[in-house]
Amino acid sequence: MRNAEKTVGNLIDKVGVAIISSVDEDGFPNTKAMLPPRKREGIKQFYFTTNTSSMRVGQYIKNPKACIYFFDKRFFRGVMLIGTMKVLQDEASKEMIWQDGDEMYYSKGVTDHDYCVLKFTAEKGRFYGNFKSESFNVVQEAVTLE
């Protein structure tokens with residue numbers, strides 16, 4: 001992989017599902033499928049919408065360690081990003097990724113108390129493609145290969 005940020009970013013932009021993982025109170029991983037991130041800043045930060053009342057939000061508040069995974073089933077490749085998830089409930093964050101039609105999920109609109117933003121910040125990752133895996137570190141605006 002010559003340019004991890006470009007390769008990984010292109011994969012992420014083409015998928016329709018994100019897999020996110022949290023850690024439960026017993027230390028076990030919990031995983032679920034989500035809509036893709038509403039916004040991403042390189043491959044360092046990702047923003048998702050979710051319900052404040054969800055089990056996952058409670059888990060991230062107690063333990064911010066997280067993992068997100070994106071895959072391209074057509075070419076059998078994927079990327080795992082490891083980092084932390086922060087639950088954002090401030091008005092600016094909620095407005096930033098709100099889209100028309102979100103009222104279907106959050107009936108009271110952008111100010112709905114059951115609407116929040118998950119902000120994932122990646123520290124490192126592992127890419128699989130062409131029958132091999134490659135680890136990399138994610139830094140502020142650049143990616144370093146291991």
Side-chain angles (χ1 to χ4, degrees), residues 1-24 27-106 109-110 112 114-146:
M1 185 168 49
R2 289 188 185 134
N3 183 332
E5 187 159 353
K6 183 177 179 183
T7 301
V8 170
N10 285 340
L11 186 151
I12 291 167
D13 290 343
K14 292 177 182 170
V15 301
V17 174
I19 307 297
I20 69 169
S21 296
S22 56
V23 179
D24 71 13
F28 289 98
N30 285 211
T31 302
K32 75 176 264 182
M34 297 267 296
L35 293 171
R38 288 283 173 89
K39 177 181 178 182
R40 74 175 178 88
E41 296 169 359
I43 60 170
K44 178 74 174 168
Q45 296 181 325
F46 300 81
Y47 299 85
F48 300 88
T49 62
T50 196
N51 295 89
T52 309
S53 60
S54 72
M55 176 184 75
R56 198 92 38 226
V57 165
Q59 289 174 342
Y60 289 132
I61 289 170
K62 291 178 184 172
N63 184 346
K65 290 182 179 179
C67 178
I68 60 176
Y69 190 81
F70 303 94
F71 64 95
D72 177 348
K73 67 181 181 177
R74 183 174 169 209
F75 294 106
F76 202 72
R77 61 186 179 164
V79 64
M80 172 183 65
L81 295 168
I82 297 169
T84 56
M85 191 77 79
K86 187 173 183 180
V87 178
L88 305 176
Q89 298 182 37
D90 62 283
E91 188 175 326
S93 296
K94 291 166 74 169
E95 289 272 354
M96 175 181 64
I97 64 169
W98 182 264
Q99 293 179 352
D100 287 339
D102 282 347
E103 297 85 1
M104 181 170 75
Y105 306 105
Y106 314 107
V110 72
D112 195 320
D114 198 34
Y115 164 58
C116 68
V117 174
L118 295 178
K119 178 185 178 185
F120 177 81
T121 302
E123 296 174 16
K124 59 185 176 177
R126 189 151 176 89
F127 179 82
Y128 177 83
N130 298 320
F131 306 107
K132 64 182 177 188
S133 294
E134 196 168 345
S135 294
F136 57 91
N137 291 314
V138 181
V139 290
Q140 196 60 354
E141 285 299 321
V143 175
T144 58
L145 300 175
E146 289 183 346

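Keep in mind that this is a model prediction, so the values were computed, not measured.
- Heavy-atom minimum distance, Tyr128 versus Phe131: OH-CA, 3.3 Å.
- Atom CD of Glu123 sits about 6.5 Å away from atom NZ of Lys44, to the nearest 0.5 Å.
- Inter-residue side-chain proximity for Ile20 and Tyr60 is flagged as met; some heavy-atom pair is nearer than 4.5 Å.
- Sequence neighbours left out, the pairs with a member in residues 59-84 that pass salt bridge (charged side-chain N to carboxylate O under 4.0 Å, His left out) are Asp72-Arg77.
- With sequence neighbours excluded, the residues satisfying side-chain contact (heavy atoms from CB on, under 4.5 Å) with Ser93 are Leu88, Asp90, Val117.
- In plain terms, the two heavy atoms of Cys116 and Val87 that are nearest each other are SG-CG1, 4.0 Å.
- A distance of 10.5 Å separates CZ in Phe75 from CG in Asn130, rounded to the nearest 0.5 Å.
- Remark: Val15 pairs with Leu11, Phe70 by the side-chain contact (heavy atoms from CB on, under 4.5 Å) rule, at least two apart or across chains.
- The two atoms that bring Val110 and Lys94 nearest to each other are O-CE, 3.0 Å, heavy atoms only.
- Looking at every heavy atom in both residues, Trp98 comes nearest to Gly109 through CH2-C, 3.4 Å.
- Closest approach of Phe48 to Ala18, counting heavy atoms only: CE2-CB, 3.7 Å.
- One N or O on the side chain of Asp114 and one on the backbone of Thr52 form a donor-acceptor pair closer than 3.5 Å.
- Between the CD1 atom in Ile61 and the CD atom in Gln89 there is a gap of 6.0 Å [rounded to 0.5 Å].
- Residues satisfying the side-chain hydrogen bond (donor to acceptor under 3.5 Å, both in side chains) criterion with Ser54, sequence neighbours excluded, are absent altogether.
- Within the model, atoms OG1 of Thr50 and OH of Tyr106 stand 5.5 Å from one another, a figure rounded to the nearest 0.5 Å.
- Taking every heavy atom of both residues into account, Ala4 and Phe136 meet most closely at CB-CG, 4.5 Å.
- The CZ atom of Phe28 sits 12.5 Å away from atom CD of Gln59, with the distance rounded to the nearest 0.5 Å.
- Among residue pairs with one or both ends in residues 29-40, those qualifying as salt bridge (charged side-chain N to carboxylate O under 4.0 Å, His left out) are Asp13-Arg40, Arg38-Asp102, Lys39-Glu41; sequence neighbours excluded.
- Counting only heavy atoms from C-beta outward, the side chains of Lys86 and Thr121 never approach each other to under 4.5 Å.
- Side-chain contact check for Ile19 versus Phe71: some heavy-atom pair is nearer than 4.5 Å.
- Counting heavy atoms from C-beta outward, Cys67 and Met80 have side chains that approach closer than 4.5 Å.
- Between Met85 atom CE and Lys119 atom NZ the span is 12.0 Å, to the nearest 0.5 Å.
- Under the rule for a side-chain hydrogen bond (donor to acceptor under 3.5 Å, both in side chains), the partners of Thr31 that lie at least two apart in sequence or sit in another chain are Ser21.
- Thr49 is not listed as a side-chain neighbour of Gln99, based on a closest heavy-atom distance of 4.5 Å or more.
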